[in-house]
Amino acid sequence: AKADGRGCARRYDQSLDEALRQRKSLEQDLGRALERQQFEVHYQPIVDSATQQPTSYEALLRWRHPELGLVPPGSFIPVAEQSGAIAALGEWVLQQACSEAASWQSGESVAVNLSAMQFHDTLLFDKVASVLRRTGLAPARLELEITESVLLEASDLTLSTLRRLKAMGVRIAMDDFGTGYSSLSSMRSFPFDKIKIDRSFVKDLPGSSDARAIVELIVQLGRQLGMRTTAEGVETHEQAACLRAMSCSELQGYLFDRPAPIADLSSSNRPIIAE
Ligand code: C2E
Ligand code: CA
Ligand code: CA
Ligand code: CA
């Protein structure tokens with residue numbers, strides 16, 4: 001900005017100010033959004049690749065902002081992580097998702113995303129255990145999705161929390177596999193139940209031979225390590241057929257359903273709900 005002369009620098013500063021102002025106001029709104037009940041959990045089915053039947057539903061957080069409309073998590077989760085609001089928000093999602101899943105008579109699981117910050121909480125294990133107790137959801141019906149950022153910090157606390165959750169029967173999935181810095185070493189640091197293959201690989205199927213090679217390798221790695229594999233972002237029948245041919249265990253994507261309140265999913269994808 002220096003070489004551009006004063007005029008440009010000032011304009012640049014103004015837009016920076018504006019961005020900062022917007023972030024501040026989003027942060028303030030976020031602080032009040034929970035008590036104002038502006039959050040919703042949407043669900044996206046994850047289907048068995050052979051039977052096409054949903055085995056679980058991923059809980060995806062949505063913020064219904066009074067002026068901005070439905071705000072996607074990509075634009076407020078990072079803000080919540082920085083402000084610390086993610087702690088309360090994360091607990092709310094977990095409670096909401098487990099209590100809804102407890103009413104699914106057909107027995108599907110629910111997958112909840114956990115942010116790396118939530119693992120700094122020494123009480124995380126107790127919080128999960130108490131939500132399961134309160135909602136009556138069997139631990140085996142809860143799956144927690146974590147990204148490699150959780151393992152990069154890999155403190156003793158994080159590993160012991162993960163081990164205790166697993167010992168209780170909760171399943172742990174590695175999310176966005178292949179996009180982090182240490183994908184393979186993270187597979188050795190913890191025995192995951194499931195690997196989620198990132199959409200960036202799936203979207204180039206079946207055309208790209210590189211993408212095919214990478215996805216096939218991840219599926220085989222999963223099989224050898226005793227982990228199931230889920231392909232994210234499946235949008236076309238061709239992608240689904242290709243993944244099925246590779247024996248990827250489960251598929252998730254707009255081809256089956258977009259995330260929505262459970263009652264709004266297509267009827268073939270809805271769980272049976274207790275009256
Ligand atoms: P993610 O965990 O990788 O979730 C999958 C994202 O892919 C979701 O975006 C989903 O709507 C989108 N998606 C699913 N199928 C398709 C498809 O076929 N095509 C395309 N283009 N996209 C597809 P969403 O809901 O916007 O969530 C974005 C991210 O926000 C999530 O990525 C996750 O990292 C985070 N997130 C969402 N809910 C929570 C939450 O409750 N807690 C935390 N910590 N993070 C959350
Ligand atoms: Ca996820
Ligand atoms: Ca993912
Ligand atoms: Ca992703």
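Please read these numbers as outputs of a predicted model, since none were measured by experiment. Both backbone and side-chain heavy atoms feed into the values below; hydrogens, waters and symmetry mates do not. Just follow the structure's listing: the first ligand is 1, and inside any ligand the first atom is 1.
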### Query
Is any N or O atom of L61, backbone or side chain, closer than 3.5 Å to an N or O atom of ligand 1?
yes
### Task
Answer yes or no for E145: is there an N/O/S atom below the 3.0 Å cut-off from the Ca ion (ligand 3)?
no
### Query
After noting the C-alpha distance and the side-chain angles of E58 and K196, does the key distance pass the salt bridge (Lys or Arg N to Asp or Glu O under 4.0 Å) rule?
CA-CA 12 Å; E58 180 172 2; K196 297 194 77 174; 3.0 Å; yes
### Query
When you look for heavy atoms under 4.0 Å from ligand 1, do you find them on the side chain of D175, its backbone, both, or neither?
side chain
### Nearest-option assignment for atom 23 (C) of ligand 1, heavy atoms, candidates F39, F76, Y254
Y254
### Query
Considering only heavy atoms, does D176 approach ligand 1 within less than 4.0 Å through its side chain, its backbone, both, or neither?
side chain
### Metal site the Ca ion (ligand 2): N/O/S of N113 inside 3.0 Å
yes
#### Entry: Which segment of R62 sits under 4.0 Å of ligand 1 when only heavy atoms are counted
side chain
## Note on the structure
The OE2(E58)-the Ca ion (ligand 2)-OD2(D175) angle, to 10°, is 180°
### Query
Which of the listed options, E232, H42, Q44, E235, holds the heavy atom that is closest to atom 20 (C) of ligand 1?
E235
### Task
Report, as yes or no, whether the 6.0 Å neighbourhood of atom CZ on R32 holds more than 12 heavy atoms from other residues, nucleotides or ligands.
yes
### Whether E232 has an N, O or S atom under 3.0 Å from the Ca ion (ligand 3)
yes
### Query
Strictly under 4.0 Å, does any heavy atom of P72 approach an atom of ligand 1?
no
### Query
Counting heavy atoms only, which part of I77 comes closer than 4.0 Å to ligand 1: side chain, backbone, both or neither?
side chain
